Amino acid sequence: MSKQIRILMLEDNPLDAELSIGQLTAAGYVCDVERVQTRDEFLVKLNDPDFDLILADYNLPTFDGASALKITVEKGIAIPFILVSGAIGEEAAIDILKAGATDYVIKGHLFRLAPVVQRALEEREEHERRQRAEISLIESEKRYRMLFEKAKDAIVILQAEGEAAGKIINANQAAADMHGFELPELLTLNMAALNPPKDLSLYQERVQKILSGHWINAEITHLKKDGSGFPLEISAGLYEVDSEKFILAFYRDITERRTKENEAKLLEDQIRQAQKMEALGTIAGGIAHDFNNILFPIVGYTELSLLEIPQDHSVRQNLMEVLQAAQRAQALVKQILAFSRQREDEQRPIQINMIIKEVVKLLRSVLPSTIKIDQNIEDGDSIIIADPVQIHQIIMNLCINAYHAMEGKVGILGIQLQNAEFAREQVLLDSSLLPGPYVRLRITDNGCGMDEIDLQKIFDPFFTTKKKGTGLGLSTVKSIVHGLNGGITIKSQPNEGTRFDVYLPRTKKEALSTDYKPPEPIVAGDEHILIVDDEVEIARMVEKALKRWGYRVTQTSRSTEALALFEKDPDIFDLVITDLTMPDMTGMQLAKHINDIRTNIPIILCTGFTETVSKEELSAIGIHKLVIKPIVMNELAAFVREALEEIKAADRASVDR
């Protein structure tokens with residue numbers, strides 16, 4: 001026996017549409033089909049309440065089946081919705097069913113379409129039958145005792161029309177508990193009183209939609225007795241008893257679900273931010289490497305020029321200015337490398353309060369008298385594992401930022417250091433923190449402050465609120481802090497100032513001195529040194545410097561040529577200086593080949609940034625020292641002399657044995 005059905009079909013391929021209808025016709029259905037291809041067409045046809053079924057293609061150029069399903073569900077239209085797809089993964093299919101689809105059919109298996117449609121229509125008929133039975137039950141009991149008091153979800157009956165429209169005429173205990181009322185109190189209220197004032201227009205829209213015959217499903221916000229808001233999932237529709245209309249509504253508290261969703265989103269945002277920072281760090285490291293190769297000859301040739309001209313020469317001051325500018329550029333490169341985590345750290349136990357006090361002395365000499373420094377630095381056990389230079393960088397960056405925020409006004413720069421202890425439940429302060437002992441460095445100012453938009457981007461690389469600035473200061477600070485297994489938070493309001501809290505793990509190890517050793521005087525030599533760097537200017541500059549100090553030098557810009565020279569006569573060279581990143585063969589590969597030929601020759605490896613390589617790995621291939629470009633010439637001379645003397649000492653010890 002044939003059965004007539006009216007179908008709303010979302011399909012852009014006429015052939016696919018004919019194949020689907022053919023399957024249903026063969027199964028005995030007489031199909032009245034309205035085929036649409038766009039969102040606007042679909043919305044127009046969706047207002048027709050007489051459709052028995054919706055068939056939607058999963059993939060369309062401008063409007064897909066998943067979007068059509070979402071609209072249908074949001075409109076509360078309870079028509080069986082079947083997706084037809086050329087290919088759909090298992091996870092996507094599960095998501096679609098969770099979203100409200102009745103079923104799905106693969107286009108390659110259209111023989112399933114008729115059984116699926118039959119089951120959907122039968123289920124709809126059964127659903128409508130159950131609805132009629134439920135309404136009949138409500139009618140027979142005259143609105144009383146129809147609520148199950150032990151239901152977990154809230155059930156509420158509202159007057160639908162008239163002067164009392166929206167009044168709660170019946171509810172279960174779950175509804176009262178959910179809203180923080182006693183049940184008799186709840187029954188005196190109008191539902192509008194439980195909606196936030198800003199949502200009253202949305203509430204009225206939902207009521208009108210229900211009165212027009214739609215069953216709605218939505219996520220909304222309600223108010224508790226104490227005025228606090230909480231999220232709800234509502235399912236509501238209209239029914240009649242003795243020609244009087246009522247609204248039956250079911251509510252579910254979704255606070256826990258929302259919390260989990262927010263936590264998942266926060267984690268997703270953190271992962272996305274970490275990926276962005278990693279990508280930017282890689283780019284920054286590459287830029288720093290190229291920049292260092294440019295700076296190296298500038299610094300080196302300037303130093304050599306200063307050594308060759310008299311103290312009273314008119315050009316000397318010009319060269320000093322060049323050197324100072326290059327040194328400022330070096331400092332910027334170090335910031336970039338710290339941000340990208342590509343600089344070798346010299347971490348050791350240090351007393352952080354001593355470094356802070358040194359910085360305060362420096363700040364007092366450079367800050368204007370309009371800025372008062374209010375310090376509260378505990379002298380207790382505040383030992384951390386860190387690189388003193390990086391800690392100095394953190395404090396200076398935060399304090400200079402605070403000064404800029406207060407520039408032009410009388411300001412107070414607060415610097416506070418205290419010990420802190422975090423239990424497991426407290427470390428939600430920052431996702432990078434673990435339970436345990438910390439030191440808390442707090443930097444505050446009473447400057448211009450920041451709004452929420454700026455706060456969201458304040459740690460992003462190259463973002464700055466200053467008229468002048470690189471935008472690397474705070475991103476570098478955050479990178480250093482997280483590299484030390486610490487955390488950083490910020491609180492700020494426009495015109496109310498800013499507060500940074502930096503948390504760094506405390507240790508029980510004994511602090512080492514943070515004093516810097518003065519550079520040793522240059523010691524000349526006459527040994528033969530092989531220089532390898534693909535940047536010709538750098539190789540020539542190092543050659544010139546070393547020759548000035550008496551060394552014999554052979555230099556080349558190709559690593560393969562350097563290896564050939566060494567293989568030809570390994571004993572004529574006393575030391576090798578090689579760049580890390582070179583075409584054909586890297587500095588580490590070259591060092592390994594040289595070490596295989598002759599194990600007792602020292603090798604100095606120069607690089608614009610450090611790879612993640614341990615000292616043991618470098619030592620295993622004969623590398624005596626890893627040097628970060630650009631390097632000051634007298635430091636390079638000291639490294640060369642140190643390496644040569646160590647080899648000589650080792651040779652003498654071997655002979656004595």
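The analysis underlying the following values was restricted to heavy atoms, covering all of them including side chains, and did not include hydrogens, waters or symmetry mates. What you see is a predicted model, and the numbers here were worked out from it, not measured in a lab. Each residue takes its place number in the sequence, starting with 1.
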Report the C-alpha separation of S67 and D64 in whole Å, then their side-chain angles, then the decisive distance to 0.1 Å, and conclude whether the side chain to side chain donor-acceptor pair (under 3.5 Å) test is met. CA-CA 6 Å; S67 300; D64 57 19; 2.7 Å; yes
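Remark: H222 engages H179, Y251 in a ring-ring contact (aromatic ring centres under 6.0 Å, His included) (not counting sequence neighbours). The side chain to side chain contact (heavy atoms under 4.5 Å, CB included) test applied to E256 returns K260, not counting sequence neighbours. Residues satisfying the side-chain hydrogen bond (donor to acceptor under 3.5 Å, both in side chains) criterion with D451, sequence neighbours excluded, are absent altogether. Considering only residues two or more places apart in sequence or on other chains, N446 meets the side-chain hydrogen bond (donor to acceptor under 3.5 Å, both in side chains) condition with none of them. Shown here are the side chain to side chain contact (heavy atoms under 4.5 Å, CB included) partners of A93, two or more places apart in sequence or in another chain: I88, Y104. Residues that satisfy the salt bridge (Lys or Arg N to Asp or Glu O under 4.0 Å) test with K357, not counting sequence neighbours, are D379. A search for salt bridge (Lys or Arg N to Asp or Glu O under 4.0 Å) contacts involving D253 returns nothing, not counting sequence neighbours. Listed by chain and number, the residues in a side-chain hydrogen bond (donor to acceptor under 3.5 Å, both in side chains) with E185 are K225 (sequence neighbours excluded). A search for side chain to side chain contact (heavy atoms under 4.5 Å, CB included) contacts involving L202 returns D199, E205, R206, not counting sequence neighbours. Shown here are the side-chain hydrogen bond (donor to acceptor under 3.5 Å, both in side chains) partners of Q493, two or more places apart in sequence or in another chain: there are none. Not counting sequence neighbours, the partners of E261 by the salt bridge (Lys or Arg N to Asp or Glu O under 4.0 Å) test are R257. With sequence neighbours left out, R499 forms a salt bridge (Lys or Arg N to Asp or Glu O under 4.0 Å) with D501.
Listed here is the closest heavy atom pair of M450 and P494: O-CD, 3.2 Å.
Between the side chain of N195 and the backbone N or O of S201, no donor-acceptor pair lies under 3.5 Å. For Q393 (side chain) and V477 (main-chain N/O), no donor-acceptor pair under 3.5 Å exists by modelled atom type. Under the 3.5 Å distance criterion, the side-chain polar atoms of T586 are left unmatched by any main-chain donor or acceptor of T581. No side-chain donor-acceptor contact under 3.5 Å links D153 to the backbone of F250.
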